[in-house]
Every structure is written in C-alpha cells, then in structure tokens.
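Below is one structure, written out as structure tokens; the observations come after it.
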Amino acid sequence: MILLDGKRIATKIKDELKAEISSLSQKPKLSVILVGEDPASQVYVGHKEKACAQIGMESEVIRLSASSSQDELEQLIEKLNSDSKTHAILLQLPLPKPLDAFSAIEKISPSKDADCLTAYNQGLLALGRPLVKPCTPAGVIEMLKAKDIDIAGKEAVVVGRSNIVGKPMAQLLLNENATVTICHSKTKDLKAHCLKADILVAAAGIPHLIDSSFIKEGASVVDVGIHRQEGKLIGDVNPLAMDEKAFALSPVPGGVGPMTIAGLLKNTLLLFEAGKLN
Ligand code: ADP
C-alpha cells in the first residue's frame, strides 16, 4: 500500500515556496485571527505561524478573547482588509459561541481570503474558476497528484458536507473530472456508497467511522479527520487491515494536516502576487 505521506509532500512544496519568497524584496504576510482558547485551534495556529517562519513569510496572530463581540471581530477584519501589509487573512474556526462565523467570514475581502471561505470565492470555485483553493481540499488533490493517482473519470466519494471540507472537496474533485458522490449524516447506507469509491475522502469528524469493510479493492483513501483519543491522534479512518484492500492511504497525523498548511502558504503567496497587479 502506498502511503500518502503529506508531511514529505508538504516539505517539498514549502522548499519551493521558500525559494520563491527569498527572491522577493517585500515579503507576503498572513494575518491569523484566533478567538478564544480552543486547545486544538491554538495548536493549529502555532503550526501555521511556524510554517510561515520556516519559508520566510511574515505572519501575525491576533488573539481575541472568547467574550469578544461580533462587532469587535468584524471591525478587526475590516482593519486587516485595509492594512496594506496584510496580504491574506485567516479566521481560525470554529468560533466560540455565540459568534456567527458566516457573518464574520463575509467581512473578509475576497482578495485576502486565505482559505477560500467567502461566498464570492466559493462561487468562483463552484464555477470551476477559483482565485484561491480551500486549503484542506486542495491539499488532498495535491497529495493524490503527487503519487500519480488519476482522478479524471474515477468514482470519488466524499464523506461529510461541511463548508470548509466536504463541499469544496467535492467541487475540486468535480473540477478534476471525477464522478462525485457526497455522503452526510442523513445518507442511507454509507457503506454501500463507500464501497463504490475509487477515491474515498473521509471528513465526517467521527473517529474511525470508516474501516476496511467500507473499502473497495484498490481504492485510494484520504483521511481528513483528526481526533485526540487517550493522548493519541486518530482519524476518521481505522487503518487496521487497510493494507489488504486500499491502494493508498493517508496517515493521521502526517497526512492531510501538513498539506493544509502548505495550501495556506501557497494561497498567501498567490494573494500577495495578485495584489501587486491591482
Ligand atoms: P469537518 O470540519 O471535518 O468537515 P464537521 O463536523 O464540520 O467536520 O462536519 C461533519 C460532516 O460530516 C457533516 O457534513 C455531517 O453531515 C457529516 N457526517 C456526520 N456523521 C456522518 C455519518 N455517520 N455518515 C456520513 N457523514 C456524516
């Protein structure tokens, strides 16, 4: 079985970005907004900061307390929209209750939308003409391509329909000419759908939802889930006996996670370059 070793693929992408950035006199800058104290979000934001530093990209993390108002958050976004030193804005999700993510995201200028979250950028994606691509789904596609796994004409099944992963994942697979099925919490007979998949992307947020009995012989399986259980990180896919069925599998950790960060760095550079043209 092939290991979809996101960590290694992401390292290569970061090396390329680093070389590109070293030739720039002005450096691209990513501004990350972190609201509240969610431990997982703090870890992810830390990884993003570190990755920026590794490739010579500037970054800033702006922390707001969990009790911040919607107005405070949206004013900060507006400020970053007009800050000429910020080229990309990432609002770390989820937001603490009762903050409204949809309303806040819509304040992000599409020209600084680091994770393709705004309605405008999602619309471009749906039309097959994305400005930036959503980081996690784009990372999944890159990972498959890095291992020469063909997507065109394949049966692709996406488990999950969230706005950040499932839906844009399906869109990107469609743009790559796969035949795409989206499964969700109301899907009847999830296993029957998964068993048809040449490419299976698990993004349901349920630990070990998918086991080897869901896998068609020769399928490529990408695990987007990440859960901490008894001090260990596990995914939506149970890797037990996967090697008997799957052609390829992404590990957790070290699979999709590093690819998401590489995608974020790529988008920041892309938005920086696009901004120079305006
Ligand atoms: P993520 O951010 O990883 O996409 P979310 O928790 O936002 O995770 O979304 C989980 C998605 O997974 C939802 O779209 C939901 O419909 C889907 N889902 C949840 N349970 C199941 C299930 N048993 N089978 C298929 N899909 C599921």
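Both ligands and their constituent atoms are indexed starting at 1 by order of listing. Only heavy atoms go into these numbers, but all of them, side chains included; no hydrogens, no water, no symmetry mates. Since the structure is predicted, the reported quantities are computational estimates derived from the model, not experimental observations. Start at 1 with the first residue, then count along the sequence.
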In chain order, what residues pass the ring pair (Phe, Tyr, Trp, His ring centres under 6.0 Å) check against Phe272, with sequence neighbours excluded?
->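 Phe272 satisfies ring pair (Phe, Tyr, Trp, His ring centres under 6.0 Å) with His87 only.
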Under 3.5 Å: donor-acceptor pair, side chain of Asp223, backbone of Val237 =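 Yes, because the side chain of Asp223 sits within donor-acceptor range (under 3.5 Å) of the backbone of Val237.
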Between Cys135 and Asn267, the two heavy atoms sitting closest are SG-ND2, 3.7 Å
Heavy atom of the protein closest to [atom] (residue, atom name, distance):
atom: atom 9 (O) of ligand 1; result: Ser162 CB, 3.8 Å
atom: atom 13 (C) of ligand 1; result: Arg161 N, 3.9 Å
atom: atom 25 (C) of ligand 1; result: His184 O, 3.2 Å
atom: atom 20 (N) of ligand 1; result: Ile206 CD1, 3.2 Å
atom: atom 6 (O) of ligand 1; result: Ala204 O, 4.4 Å
atom: atom 16 (O) of ligand 1; result: Ser185 N, 3.0 Å

How about Asp211 and Ser213: does a side-chain donor come under 3.5 Å of a side-chain acceptor?
-> yes
Please lay out, stage by stage, how Glu74 and Lys107 fare under the test salt bridge (Lys or Arg N to Asp or Glu O under 4.0 Å).
-> CA-CA 6 Å; Glu74 293 185 7; Lys107 291 289 177 297; 3.5 Å; yes
Option whose closest heavy atom lies nearest to atom 11 (C) of ligand 1, chosen from Pro94, Gly160, Cys183 | Gly160
All salt bridge (charged side-chain N to carboxylate O under 4.0 Å, His left out) counterparts of Arg228, not counting sequence neighbours | none
Pair Glu273 + Lys276: basic N to acidic O under 4.0 Å |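 Between Lys276 and Glu273 there is a salt bridge, with a charged N closer than 4.0 Å to a carboxylate O.
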Are Val159 and ligand 1 in contact, using a heavy-atom cut-off of under 4.0 Å?
-> yes
With a 4.0 Å cut-off on heavy atoms, does Val224 reach ligand 1?
-> no
